[in-house]
Amino acid sequence: MKARRDPVRPIIGLATMLALVGFWLVGSKVGLIDPQSFPSPDQFWAAAKQLTIGDGYADGRIHSHVLQSLKLICLGFFTATAVGVPLGLWMGWSRKAEALINPIFLLIRPIPALAWIPLAIVWLGLGDAAKVMILWFAAFVPSVINSFTGVRNIERPIIEASAMLGARGWNLIKDVIVPGALPSIFTGLRLSLQGCLTALVAAELLGALLGMGKVLYQAGLDIYPAMILAGMVPVALVGFALTALIDWVERRSMPWRANH
Amino acid sequence: MANIVLNSVSRTFQREGKDFLALDNVSFTCHEHEFVAVVGPSGCGKTTCMRMAAGLEFPDSGSVTVGGKVVNAPGPDRAVVFQQFALFPWKTVHDNILFGLRSMGVAKAEAAERIATNLKLMNLEGYESAYPHQLSGGMQQRVAIARAYVLNPDVLLMDEPFGALDAQTRTVMQEELLRVGRANPRTVMFITHAVDEAVYLADRVVVMTRRPGAIKEIIDIKPIRDAENWQQYERIEDVMDLASFVHLRTRIWRLLREQHNPGDH
Ligand SMILES: Nc1ncnc2c1ncn2[C@@H]1O[C@H](COP(=O)(O)OP(=O)(O)OP(=O)(O)O)[C@@H](O)[C@H]1O
Ligand SMILES: [Mg+2]
């Protein structure tokens with residue numbers, strides 16, 4: 001995309017961020033922002049220090065919280081998409097598979113991932129397994145839907161050409177269906193990741209020993225706004241980093257779109 | 001035997017909730033090793049006829065057979081050059097051309113040789129590793145042609161295969177198609193809008209009418225070509241100057257003109 005190399009846009013973006021931070025710094029100094037509801041920069045730095053290089057907070061320092069959360073995200077994301085993507089592709093390709101699976105899927109699809117929380121607790125207790133189950137559902141639905149539509153949106157002439165050229169079985173999947181659906185599959189993976197992050201924070205409210213959501217939860221209980229703010233930063237950074245990772249894999253796996 | 005027979009083929013499509021007859025009782029044959037061109041106004045059903053021979057479309061009534069067998073599925077025994085190229089955007093030029101060879105189980109060394117020959121023939125050397133979107137329309141069309149030629153098929157179905165080419169390249173391709181056809185005869189159904197091209201290439205020309213799509217007339221070219229010995233001329237422009245050529249071309253033009261009434265689109 002041309003726009004990506006457009007030098008003006010990042011500058012505008014940076015300017016907006018600086019303006020916001022500037023408003024925060026100045027606004028807190030002159031009393032425009034009430035430190036009771038939104039922490040001042042000093043309070044924020046103190047909380048950030050405590051979380052990163054100090055005694056830690058909510059039973060751990062930042063790295064143990066992030067690692068714990070990353071572990072849950074990875075488990076949920078990979079097990080869900082490892083099932084969801086092939087299932088979506090299969091349903092997209094085979095009307096029979098669609099007829100077979102779609103009814104079940106239609107039941108699951110409208111249920112928000114968080115609605116699985118009570119059942120997850122009943123089945124799996126309060127440990128990691130229950131949280132992974134919730135993340136699993138959050139990631140599963142978008143990966144199925146988008147892989148499915150990805151196959152359905154492959155242009156018909158392409159499918160016909162592959163049939164004329166005798167593509168069958170594994171070669172058909174590998175050379176036509178997967179690459180044809182890939183842009184949509186990646187859209188699904190991005191949404192799955194987003195779903196995981198959302199569900200993670202909520203799932204860690206179940207009483208976690210560690211985790212980024214635990215930090216936020218504890219800070220809320222303690223009415224500690226600076227720590228809430230400091231605890232949101234790693235959530236944003238982890239989300240940003242994982243999305244960037246998916247973007248990178250996407251570019252690498254679709255060289256034919258490299259200079260689009 | 002690799003002949004193509006359309007026997008009393010009719011086909012109705014639905015459009016805006018209404019039935020409309022796209023092909024009405026169409027019968028024609030491409031005999032073994034015969035080159036048949038199909039001409040007719042846009043929308044008269046040429047592509048539909050070809051798709052039936054390919055096994056991508058089926059008649060409501062009548063039958064379509066290739067080599068005596070009713071066509072019921074697509075397959076690499078018939079090579080198709082699609083009107084819209086239908087290249088795989090995610091495959092390089094080389095891999096697009098390789099695709100059919102691999103599913104036919106052609107050995108690596110032979111595949112490489114055939115691909116090289118066709119890249120050369122289509123003047124695509126040096127573009128092996130380009131992706132389709134990096135090529136011009138004319139180059140994409142040549143890749144599509146190479147992808148069909150490389151299969152060495154008994155039956156070749158070509159839907160306006162030279163439509164996107166510039167005049168010079170088109171001429172080279174036409175001469176080449178004729179030359180390859182003489183050396184290695186096969187059954188060809190060739191759809192085109194260009195009457196010149198049809199007369200120059202074909203043994204017979206099927207002229208179709210629109211609304212509903214039907215056969216207007218089938219014109220024999222081969223007897224005249226043989227009698228006048230067009231083969232002695234290397235170049236298409238020399239053939240196109242011959243009185244016998246001009247006569248046939250005019251005849252087909254008239255058939256096409258007769259059915260054109262303005263305002264009917
Ligand atoms: N799948 C389809 N559904 C509905 N209508 C169709 C379908 N395929 C073809 N038609 C219609 O059938 C008619 C014949 O189409 P076809 O593509 O065979 O024409 P053509 O002779 O190849 O035209 P052109 O020279 O413009 O390529 C057209 O009116 C077209 O709208
Ligand atoms: Mg057509």
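Computed from a predicted structure; not experimentally measured. Throughout, a chain's letter reflects where its sequence line sits, starting with A, and its residues are numbered from 1.
- Among A/A167, A/P179, A/P157, A/A163, the residue making the largest number of heavy-atom pairs under 4.5 Å with chain B is A/P179.
- Note on B/K91, B/Q84, B/R78: by heavy-atom pairs under 4.5 Å with chain A, the leading option is B/K91.
- With a 4.5 Å cut-off on non-hydrogen atoms, B/F82 touches chain A through its side chain but not through its backbone.
- By a heavy-atom distance cut of under 4.5 Å, B/R147, B/L151 are the residues of residues 137-160 of chain B near chain A, going up by number.
- The backbone N or O of A/R257 lies less than 3.5 Å from no partner atom in the side chain of B/H133, so there is not a single donor-acceptor pair.
- In B/Y127, the OH atom is not crowded: 12 or fewer heavy atoms of neighbouring residues, nucleotides or ligands sit closer than 6.0 Å.
- When the heavy atoms of residues 48-62 of chain B are compared with those of chain A, the residues falling under 4.5 Å are B/R51, B/A54, B/L56, listed by number.
- For B/D77, there are no salt bridge (Lys or Arg N to Asp or Glu O under 4.0 Å) partners, not counting sequence neighbours.
- Residues B/Y131 and A/P255 approach most closely at OH-CG, 3.4 Å, considering heavy atoms.
- Other residues, nucleotides and ligands contribute at most 12 non-hydrogen atoms within 6.0 Å of the CZ atom of A/R109.
- Contact annotation for residues 93-115 of chain B against chain A (heavy-atom separation below 4.5 Å, listed by residue number): B/F99, B/G100, B/R102, B/S103.
- Residue B/K120 qualifies as open at atom NZ: its count of foreign heavy atoms under 6.0 Å is 12 or below.
- Looking only at side-chain heavy atoms (C-beta outward), B/F88 and A/D175 stay at 4.5 Å or farther from each other.
- If you tally non-hydrogen atom pairs under 4.5 Å between each of A/I158, A/N171, A/L172, A/L182 and chain B, the highest count goes to A/I158.
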